[in-house]
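Take a look at the structure set out below.
We number each residue from 1, following the sequence as shown. As a basis for the values below, the full set of heavy atoms in this structure was taken, side chains included, without hydrogen atoms, waters or symmetry mates.
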Amino acid sequence: MTDFDYDLFVIGAGSGGVRASRIAASHGARVAVAEEFRIGGTCVIRGCVPKKLLVYASHFAHELHDASKYGWTLGDVSFDWNKLRDFVASDVDRLERAYTATLDNNKVEHFHERAAVAGPNTVRLASGREISAKFILIAVGAWPVMPEIDGAEHCITSNEVFHLPALPKRVVIQGAGYIALEFAGIFNALGSDVTVVNRSDKILRGYDHDLTDRLLPIMQARGIRFAFNRPIRRVEKSADGSLIVHAGEGDPIGADVVMVATGRRPKTDGLGLDTASVALGSGGEIPVDEYNRTSCSSIYAVGDVTDRVQLTPVAIREGHAFADTVFGSMPRTTAYDHIPSAVFSQPPLAAVGLTEAQAREVHGHVKVYTSDFRPMKNMFSEVMERGYYKLVVDPQTDKVLGVHMIGPDAPEILQAVAIAVKAGLTKAQFDETVALHPSMAEELVLMR
Ligand code: NDP
């Protein structure tokens, strides 16, 4: 592999790119990676990690509220957005250093500038330098979609939300998917007045209806307004700097911040993929085969840019499989069934496997077991929110096809039960497991 400057050049140092770089280097490859923004990518820098810290911060609103029932006397309680924002930013800095150290420790060279493909074995850096590599990996991720509306320049996306100069009094969030509902919960708990505006009346498409039907009234009871079937037409800025959102037929909605969360598009614009005849899909995604190879045999792609499943652990697995396949003589693919997922809404929901509707499509008839319970954690709370768990079971084999949960700590519990579903365990085997009492998770083995 000595005719090239590197064995592997990775474009994008996010979750998929860093994992692929590290593993390829461990297999003996000479690796370089280019990153135009910050090492760590969306998840670490402006996604999952800082978002989860905001979720934790917002939980205190409810816990402090309930504390007096448990005998605590609290003094004056106040919240300081700037302190939280700066703490989150400092943790992101720490993680970026850790990711950079991972590259350094594995002797992966990194270039802090934009890179584009300039041929099947060539990349061109923003500085103009051309570098050759036997293989190129595209791991540039995705970018928030900004609908074409008048006044879009007054709106922010999840890229900017972590840097707000102050906690907004009124937030309008466009979309009703992962990002919209997670941030609706965060801002609501921190004290903002929140309105979720969506073009349809569906929330969290893809999740089991019983979960979303449970989540919506809880979020409304917590004070979040939902304006459904109201696509945003225009966002207007008033003389005092406040915003007015014109959406569908209803009255205009006032806001201090308008956040758009309407999906994320693969970030392939201007990436020079045509110079290597890398085919693109209609949404800008890079189609790849099961080994992550594009239509150009020396160029591979992993993660959100391929628009298969836009989740960090999936990108990491794809990056790892790519490196093992190409540099480790261990051809590996990624399994896309039984991927657990969660929405860190308040309360959170989590799921693995088939929804009831999907299972009926595949298997015709299915058995459904449910538990609708009041979590002990909420007993003293003014929050009367009930948890809901659902098992979808194949009546022929008794295998558990899907688990769907809404309630406190659902994502933490779901990760463990996903092992059982992935292993193909039956409902009878769930039932043979002794309950761990008292817990919410015990509901999983007590459904009859
Ligand atoms: P989602 O795909 O989850 O939701 C998009 C929302 O925007 C939907 O409510 C959709 O409405 C609406 N929408 C889509 N296109 C338009 C449009 N052109 N105009 C108006 N509204 C529109 O996207 P997110 O941005 O919330 O998240 C992007 C991805 O990031 C997720 O798919 C997920 O993979 C990942 N993510 C994962 C998280 C996690 O694992 N916890 C957290 C955050 C993000 P409708 O449904 O009516 O079509």
CE on Met146 to CD on Glu153, rounded to 0.5 Å: 9.0 Å
Please check: side-chain N/O of Thr325 versus main-chain N/O of Ala321, any donor-acceptor pairing under 3.5 Å? yes
Could you tell me the separation between the CG atom of Leu211 and the CD1 atom of Ile406, rounded to the nearest 0.5 Å? 6.0 Å
Of all heavy-atom pairs linking Pro120 and Ile299, the shortest is O-CG1, 3.7 Å
Quick one: side chains of residues 338-354, donor-acceptor pairs under 3.5 Å with protein atoms, not counting sequence neighbours, listed by atom name and distance.
unit_1	atom_1	unit_2	atom_2	d
Ser341	OG	Tyr207	OH	2.6
Ser345	OG	Pro347	O	2.8
Gln346	NE2	Ser58	OG	2.8

Ala441 versus Ile413, closest heavy-atom pair with distance: CB-CG2, 3.6 Å
Checking Arg265 now: which residues fulfil salt bridge (charged side-chain N to carboxylate O under 4.0 Å, His left out) with it, not counting sequence neighbours? Asp269
From OG (Ser282) to CD (Glu285), nearest 0.5 Å: 5.5 Å
Can you tell if the side chain of Val123 reaches within under 4.5 Å of the side chain of Ile11, non-hydrogen atoms only? yes
Return all side-chain donor-acceptor pairs below 3.5 angstrom for residues 301-318, not counting sequence neighbours, or 'none' if the list is empty.
unit_1	atom_1	unit_2	atom_2	d
Thr306	OG1	Gly303	O	2.7
Thr306	OG1	Arg308	NE	2.9
Thr306	OG1	Arg308	NH2	3.4
Asp307	OD1	Gln310	NE2	3.3
Arg308	NE	Glu318	OE2	3.4
Arg308	NH1	Asn292	OD1	3.0
Arg308	NH1	Tyr336	OH	3.1
Arg308	NH2	Asn292	OD1	2.8
Arg308	NH2	Glu318	OE1	3.1
Arg308	NH2	Glu318	OE2	3.4
Gln310	NE2	Arg264	O	3.0
Glu318	OE1	Gly303	N	2.7
Glu318	OE2	Tyr336	OH	2.6

Whether over 12 other heavy atoms sit under 6.0 Å from Lys422 NZ: yes
Pairwise distance OH(Tyr369) to NZ(Lys390) - rounded to 0.5 angstrom: 13.5 Å
Show your working on side-chain contact (heavy atoms from CB on, under 4.5 Å) between Asp274 and Val117 and close with a plain yes or no. CA-CA 8 Å; Asp274 51 321; Val117 174; over 6 Å; no
Please name all residues satisfying side chain to side chain contact (heavy atoms under 4.5 Å, CB included) with Ser277, sequence neighbours left out, ordered by chain then number. none
Run the side chain to side chain contact (heavy atoms under 4.5 Å, CB included) test against Pro231 and tell me which residues pass, sequence neighbours left out. Arg199
Ring geometry between Phe9 and Tyr6 (parallel below 30°, tilted from 30 to 60°, perpendicular above 60°): perpendicular
Show every donor-acceptor pair shorter than 3.5 Å between a side-chain atom in residues 162-174 and any protein atom, with sequence neighbours excluded, or say none if there are none.
unit_1	atom_1	unit_2	atom_2	d
Arg170	NE	Asp256	OD2	3.3
Arg170	NH2	Ala255	O	3.4
Arg170	NH2	Asp256	OD1	3.1

For Glu130, I'd like to know if atom CD has over 12 heavy atoms of other residues, nucleotides or ligands within 6.0 Å. yes
